[in-house]
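None of these values were measured; they are calculated from a predicted model. Sequence lines set the chain letters: A, B, ... in the order given, protein chains first and strands last, and positions in each chain run from 1.
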Amino acid sequence: KAGVTQTPRYLIKTRGQQVTLSCSPISGHRSVSWYQQTPGQGLQFLFEYFSETQRNKGNFPGRFSGRQFSNSRSEMNVSTLELGDSALYLCASSLWTSGNTDTQYFGPGTRLTVL
Amino acid sequence: AQTVTQSQPEMSVQEAETVTLSCTYDTSENNYYLFWYKQPPSRQMILVIRQEAYKQQNATENRFSVNFQKAAKSFSLKISDSQLGDTAMYFCAFMKHVSNTGNQFYFGTGTSLTVIP
């Protein structure tokens, strides 16, 4: 099976712009989670989507949003970019069957640089 | 709220030696899962090992093993016979299973491990 893929791998934007990141989960995986990774903060959970619905949300401002499509692919959008949004954005997918243990499989990430 | 603490930002070990990475967590849950993830310089995060909290037996995967102390809320990772390819950032993660709203993951800030030839 192909792993989790993320596009683009690298992105450079300027303050005030918006950006959309894409994530394709492992085939059959229905849960997609997004994380922001920075050197000092580690991985911070952004949100999780399951069956096209946002199921969990981390503590990030409303500028960060996402969605999931019927094929489980997910997009993350950041509007009005700030310098502090520079980070590696990781997407993780999991099978998630109710009542069972679950393992997240991560994509390679999108490195976003805001100038 | 759940928190995961990795108190060792950086560690190093000689090749072929053994190293232990520490992780503690705070939770009021009784049913949960713990993971160690590895992120090599190439940045792809991969699962190293996982442990179900209801299992008393420590998980083992080849050279990787854990010391799970539920009462102490401690979950350390032991790497035996360290290899150069083990050089990476290691993240400890806690997962709480919520039947209707999915699984919630919490990560530590990571330990950067360098294996010295």
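- For Lys78(B), the NZ atom sits in a loose shell: 12 or fewer heavy atoms of surrounding residues, nucleotides or ligands are nearer than 6.0 Å.
- One finds the CZ atom of Arg50(B) at 12.0 Å from the CD atom of Gln104(A) (value rounded to the nearest 0.5 Å).
- Cluster membership check: Val4(A) does not share its hydrophobic cluster with Tyr49(A), using side-chain heavy-atom separations under 4.5 Å among Ile, Leu, Val, Met, Phe, Trp and Tyr.
- Residues of residues 108-115 of chain A lying within less than 4.5 angstrom of chain B, judged on heavy atoms, are Pro108(A), Arg111(A) in numerical order.
- The neighbour count for Lys57(A) NZ, taken as heavy atoms of other residues, nucleotides or ligands under 6.0 Å away, is above 12.
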Taking it one step at a time, do Tyr35(A) and Phe105(B) satisfy ring-ring contact (aromatic ring centres under 6.0 Å, His included)?
CA-CA 10 Å; Tyr35(A) 296 87; Phe105(B) 284 82; 7.3 Å; no
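- The neighbour count for Asn71(A) CG, taken as heavy atoms of other residues, nucleotides or ligands under 6.0 Å away, is above 12.
- Residue Tyr32(B) does not touch chain A at all, counting heavy-atom pairs closer than 4.5 Å.
- Looking at Leu88(A) and Met45(B), their side chains never come closer than 4.5 Å, going by heavy atoms from C-beta outward.
- Heavy atoms closer than 4.5 Å to chain A are found nowhere in Gln6(B), neither backbone nor side chain.
- Within the structure, salt bridge (Lys or Arg N to Asp or Glu O under 4.0 Å) pairs that include any residue of residues 105-117 of chain B do not occur (at least two apart or interchain).
- Proximity to chain B is limited to the side chain of Gln37(A), based on heavy atoms less than 4.5 angstrom apart.
- Note: the hydrophobic cluster containing Val32(A) also contains Val19(A) (ILVMFWY, side chain heavy atoms under 4.5 Å, direct or indirect links).
- Counting heavy atoms of neighbouring residues, nucleotides and ligands inside a 6.0 Å radius, atom CZ of Arg15(A) does not exceed 12 of them.
- Note on Tyr90(B) and Val19(B): same hydrophobic cluster, where clusters join Ile, Leu, Val, Met, Phe, Trp and Tyr whose side-chain heavy atoms are under 4.5 Å apart, directly or indirectly.
- Residue Ile46(B) is found outside any hydrophobic cluster, as its side-chain heavy atoms come under 4.5 Å of no other Ile, Leu, Val, Met, Phe, Trp or Tyr.
- Under a hydrophobic clustering in which Ile, Leu, Val, Met, Phe, Trp and Tyr are joined whenever their side-chain heavy atoms come within less than 4.5 Å, directly or via other members, Phe45(A) and Phe64(A) fall into different clusters.
- Under a hydrophobic clustering in which Ile, Leu, Val, Met, Phe, Trp and Tyr are joined whenever their side-chain heavy atoms come within less than 4.5 Å, directly or via other members, Leu90(A) and Tyr10(A) fall into different clusters.
- Leu43(A) CG to Tyr37(B) OH: the interatomic distance, rounded to the nearest 0.5 Å, is 10.0 Å.
- Heavy-atom proximity under 4.5 angstrom to chain B picks out nothing from residues 76-86 of chain A.
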